[in-house]
There are 6 protein chains.
Amino acid sequence: MFYHDGGKLQYEVKVTKPNPVFAKALQQAIGGIQGEIRVALQYLFQAWGGRGPAKYRDMLLHTGTEELAHIEMLATAVALNLEGAPLEMEQAAQDPIILATLGGMNIQHVITTCMAALPVDASGVPFNASHVYATGNLAHDMLANATAEASGRMLACQLYRMTDDPGMKDMLAFLIARDTMHQSQWMAAYEELGGPKAHPIPTNFPQEQEHQEVSYTFTLTGKDDSVPVPEGAWSSGESFDGRGQFKTEQAQPRGGVPKLGPASPKAAVQQEQSAPAP
Amino acid sequence: MFYHDGGKLQYEVKVTKPNPVFAKALQQAIGGIQGEIRVALQYLFQAWGGRGPAKYRDMLLHTGTEELAHIEMLATAVALNLEGAPLEMEQAAQDPIILATLGGMNIQHVITTCMAALPVDASGVPFNASHVYATGNLAHDMLANATAEASGRMLACQLYRMTDDPGMKDMLAFLIARDTMHQSQWMAAYEELGGPKAHPIPTNFPQEQEHQEVSYTFTLTGKDDSVPVPEGAWSSGESFDGRGQFKTEQAQPRGGVPKLGPASPKAAVQQEQSAPAP
Amino acid sequence: MFYHDGGKLQYEVKVTKPNPVFAKALQQAIGGIQGEIRVALQYLFQAWGGRGPAKYRDMLLHTGTEELAHIEMLATAVALNLEGAPLEMEQAAQDPIILATLGGMNIQHVITTCMAALPVDASGVPFNASHVYATGNLAHDMLANATAEASGRMLACQLYRMTDDPGMKDMLAFLIARDTMHQSQWMAAYEELGGPKAHPIPTNFPQEQEHQEVSYTFTLTGKDDSVPVPEGAWSSGESFDGRGQFKTEQAQPRGGVPKLGPASPKAAVQQEQSAPAP
Amino acid sequence: MFYHDGGKLQYEVKVTKPNPVFAKALQQAIGGIQGEIRVALQYLFQAWGGRGPAKYRDMLLHTGTEELAHIEMLATAVALNLEGAPLEMEQAAQDPIILATLGGMNIQHVITTCMAALPVDASGVPFNASHVYATGNLAHDMLANATAEASGRMLACQLYRMTDDPGMKDMLAFLIARDTMHQSQWMAAYEELGGPKAHPIPTNFPQEQEHQEVSYTFTLTGKDDSVPVPEGAWSSGESFDGRGQFKTEQAQPRGGVPKLGPASPKAAVQQEQSAPAP
Amino acid sequence: MFYHDGGKLQYEVKVTKPNPVFAKALQQAIGGIQGEIRVALQYLFQAWGGRGPAKYRDMLLHTGTEELAHIEMLATAVALNLEGAPLEMEQAAQDPIILATLGGMNIQHVITTCMAALPVDASGVPFNASHVYATGNLAHDMLANATAEASGRMLACQLYRMTDDPGMKDMLAFLIARDTMHQSQWMAAYEELGGPKAHPIPTNFPQEQEHQEVSYTFTLTGKDDSVPVPEGAWSSGESFDGRGQFKTEQAQPRGGVPKLGPASPKAAVQQEQSAPAP
Amino acid sequence: MFYHDGGKLQYEVKVTKPNPVFAKALQQAIGGIQGEIRVALQYLFQAWGGRGPAKYRDMLLHTGTEELAHIEMLATAVALNLEGAPLEMEQAAQDPIILATLGGMNIQHVITTCMAALPVDASGVPFNASHVYATGNLAHDMLANATAEASGRMLACQLYRMTDDPGMKDMLAFLIARDTMHQSQWMAAYEELGGPKAHPIPTNFPQEQEHQEVSYTFTLTGKDDSVPVPEGAWSSGESFDGRGQFKTEQAQPRGGVPKLGPASPKAAVQQEQSAPAP
């Protein structure tokens, strides 16, 4: 169950110079694949489906709930950046700055929402909940969360560099710090869950049932040996999980060309493709 | 540039007992968010946009190309599982096994493709390329790839347990082994790139510009202190990246309720919401 | 800013007879167009962009936050219905009830989430945030919210009739009651905002600027007068908003066939479609 | 069955000053969530599935058919606004007005359609038919239709203010008037169907089966009583439908923290999350 | 502008044995990529954007309008197949035929629409208007239309074979005949527009500006000459358009490995990927 | 199975004047409905599901593999056009060319990918694999492929005219030539498969089972005979497939208004719509 704080923000949001083009960019942090709707739902669905130790579930609830406050901050930032947005073609036709602003903003911010945020990304594409990664495997989910926070922090850094508005810089510096924490906490939890020992994820499939001859083999798919072989921690030495030795191997087919049966005499294909009727 | 091998498969694909319900489940490994189209495109787009050291680009090209062969194997497996799929209502109406098979398969496998795979997931939802995560940040991208392989390996393990067809079990055991390798290689590369030292991702944003007072603070969002505090590697001790000390703090607003301006007199809102015309 | 209650549920969720086919149906109430993710985000985005009187914003915050608790309850209900879900083809092949269950469930509940809810609808289609209707016009938004709750209550009633599990019936009876309240509250707010006087929405466009000769005219598009004319409150008498008199009129073109210019000589069309080069 | 009028338009469409940026904005009225494709399909699907009194079905057919003519008018308006659209980078590079125009238009209007409308919204996102709301419940459907027309009228008003082209203003004034009528007619039909008496929708679920103790209770989800209580028609007095008395109540859990079973020993999770094998 | 016929159907729709699983399959013909919503919108958008000779525009209007009648017939067929659909878990739990029916139908047909069609495909995925192919190039558009009708006819044939209901067979035999005509008419129009002479589409790009050395060359991408060379009308002899001679060539790179610049010092990448700050 | 060539490009990609607005337009050729991801996957899925003569499968493998190289070339072209893209609001605020560039580019090229291509179209909409048309019917699939190449060549021609960069013009001239070949080869294969004799597709449905009285009848849907009758190859004379004579007929209903049963007493509709309880 959830509660709110009467609209009080986790951190102050101030905009000195409203900028509708920046409002469009900020949308990525709300409805983008690396945005706050995604992480809020991702952590909450992981919590609600959590079948592991309770403390991970609790941690997910805390941070999922915090992310709701981040959507709120960013939605407020978008609304404040839209104050005074240009809207009239007549005026824009004569002033290239006004026209470029009108062309560079998300025009739906005015014609669809009367100057408010949308749950879309910077291209105006609505958030799609297939990006809520929640598998029930804690090691996977911690890595997925750290990845999401890494891309979120990248985005926030980029937005910080884009703007020169002091209020926006301040809000983003706060969000970047929270991304630092979240990124760190998921990796810390992943380490606590075993780190390399948690690999290969999942751990409850007996490795002797997999084709172990290719389990630590880097497959070279260059067309022949003129193609450079990338060497690194993955091509020789002990494997990341400590259970094998990395090696390389030139790709070669272990199977032949597949033989599919002819199309059924009832299939809607050209006659020459069908099997004879039985 | 790319080449093929005349349709020869990376590993043999055999189906003893065609099962159209299993064909539907296999689709998740082709067009699901954790499937092979996703990882093939993800690694290739990361390679094509790679601005870092060439060897990572090369590694991505090799493995992205290998994943194309996995789509091929799985598409073949789907086609072979569809041989003999039931299609007639009259027959189905009287036999619950036939009716349940017809109801449990992806009916488009027959009415749309004449018994062949589709680029969709196990629910029939088409693959959406927004799942191709490629940011240009190598540390992020290696974590994203390891995460993708972890979810892919989970899926393959689940499919392995679902089927009792020896050919399918054998093919999946091969793919599981390759997922082991791929998962390990991305984590190995991540370690090579610095592991904890690569955090917080990205590393080229000066941390003194973020609000460091909350950079390693786990925020408790329980409504009051009756809510349990999840303790673990993230709540105290040295942070994952070694640059701070984790601590916890009860959430509290640092900002007030936002004040948005009234709607423009030109906005399409109810009159009582508008500012007076200037 | 938001808080949680340590995972305590707004209302108890109990499942006596886990039923994975019912779990699939329940998904509609989570990720369907009439589901809880939609209304939670819809009310919160309306609040965050609210430029009208503060009390509507506050009301939206309260109820948007309550809806988060409903997602939580339903996600729990899905997880509990999945306990013991069948997964093995060998077993299913011989028992039509098991096969029909496996075919009738959302197979991703096992192969993607290890027995937990997904943010998708009953067909497995992920929630798409374009369904978050928030325009900034309070009268519109209250109608949109009442509509959403009406469809939500319809769904909950249908699910109530589908199940015979006492715990599920009890949870749904609670949710139906909340839908009663929410539906009523949005209509009450709409009445408070003027009801018919708030029409036509928006009210700040001067009606003398619209083509008033067709403002209260029901257009008959039957091909000729053999097509029945539907008579009712909309075809004669005072209009809903009290500003006009309804009448009917047979459709007829007020415009001619449009003339588009020829394709540019640079357009990628067949030569015979292009204008001559200048 | 349907007929056309040889391309004659319901109302004349004239463009004096073609404006490709305005063409992009107009797309929202074609393929946006509040656009004409949506309402045309919504009313027609409601008609085709109508199981209630025939006159509502007939009304829906008439107006659904009229909306097809609106798509036609708007598609023509887009095509006319695209005549002379700029397309060459060389020319644009030197003139900021040309560059801003090229950047502010939907570039697919030229590279995909040779200067014609697309079934997409103002962001270029294709229309998605999940927005066709048709439940079979007439009271719901009338509210949904009124809501759709309200958002459509808001959009048309905003577009009217954006343009200074006399032909476009004239066409939009016609469409605004039709939106006035349609909005009014659906609300009139809703009133005819019972208005408040039709609530709570649906009416054929016996209210004594719902948890009536919360049926007219506004739930306060503020974290404590420092959060303002929004008072209005929804917090006290007779309920909208006349069947209860509104009251308020502070949110509190009626349920505990859910207990999910451990993951199955066959689930692809980390070993420590699994139940012991049976 | 458009008119309807009071709901009279283009062809009679009768269902003797309602079958909700067949209703689900029929949805593909409504909202599938090869369905009637797609072709209706495709032909109408082609007409509305038509800049070529008026007769093609007129033809498109006639047939686009006819397709609306096909959506109507199929939506009616779905509704009739849903009469008596099973809905109660208690009953289903004991009868495998009922359970298989419930599992094999689109459960939203009951819980979302009260037994009516949806604008979705056989998997429940909503129609997406990006499938409306309309380029403004008549030769292309005629081929695209013939292709759409070919896939539509395949689907209708498959549905015909699936059902044993005499009314459904009769309705489908009618639709198949119309698909025969439509397929034929688009190919006839394509022939009239030049057939092979209309190639390569578009015809108003001077072929001497393309790299003519590869304009009629079939590129072999087999990894080496062990891969079979597919010979046919495309590998030697006169080209389809009569302007060249087909030949084959083994793929080889004409370009080198691309060199992208380092990431900007301001990009959110790992430090080792960035250019030095200027 | 597949191989790569170490990143060597099929044809050289050079950019003299990086142009981020052109980069956005180029995306259409990568992730648009007429782009290279689509054709690559389309040809490969057709090959993997091919049940007809092996040579068509082989041809599809060769060309599908070539298309992968085209994605690679275009992704490289996008990355090269993004070098030096503007990103700072402060700078843009004063220079209309910079502001128009920033507004006209896909801002995700910087904030999401650090200057690299995305698998999206020119509007930023991600590629959706439902556009992979693969039916198993060779005649259909060859037409679908020719259509896809025709729209692809149109796009490439348009992009060629848009740019004045010599490297881009050269790359596009190469791709246009390949589109010429591919378009020609699919039409050649279609001819080889029978051309008109392959119609109506599919050919294995006995035409005597369709309603032959309407199989070659162009249906006029004009509202009456004032609407022009479009005459052409489709309205009289021998049909395209040589099996009938085209004629025209004014549309008229062959069916009546459908009668749907009342809603079930258990459906969630208003009481007046329901059947009495049994």
Crowded around [X] [atom1]? As in, over 12 foreign heavy atoms under 6.0 Å?
X: F/Lys14; atom1: NZ; result: no
X: F/Glu90; atom1: CD; result: no
X: F/Lys169; atom1: NZ; result: yes

So which residue, F/Gln10, F/Arg51, F/His62, F/Gln46, ends up with the most heavy-atom pairs under 4.5 Å with chain B? F/Arg51
Could you give the distance from OG1 (F/Thr65) to NE2 (B/His4), rounded to the nearest 0.5 Å? 4.5 Å
When rounded to the nearest 0.5 angstrom, what is the spacing between CE in F/Met1 and NZ in B/Lys8?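 One gets 10.0 Å once the value is rounded to the nearest 0.5 Å.
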Step-by-step side chain to side chain contact (heavy atoms under 4.5 Å, CB included) determination, B/Leu68 to F/Leu68: CA-CA 10 Å; B/Leu68 296 170; F/Leu68 296 169; 3.7 Å; yes
Contact origin within F/His70 toward chain B - heavy atom pairs under 4.5 Å: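 No part of F/His70 comes within 4.5 Å of chain B.
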Tell me, which pairs form a side-chain hydrogen bond (donor to acceptor under 3.5 Å, both in side chains) where one or both residues lie in residues 71-81 of chain F, sequence neighbours left out? B/Trp48-F/Glu72
Name, in order of residue number, those residues of residues 111-135 of chain B that have a heavy atom at a distance of less than 4.5 Å from a heavy atom in chain F; otherwise write 'none'. B/Thr112, B/Thr113, B/Cys114, B/Met115, B/Ala116, B/Ala117, B/Leu118, B/Pro119, B/Pro126, B/Phe127, B/Asn128, B/Ala129, B/Ser130, B/Val132, B/Ala134, B/Thr135
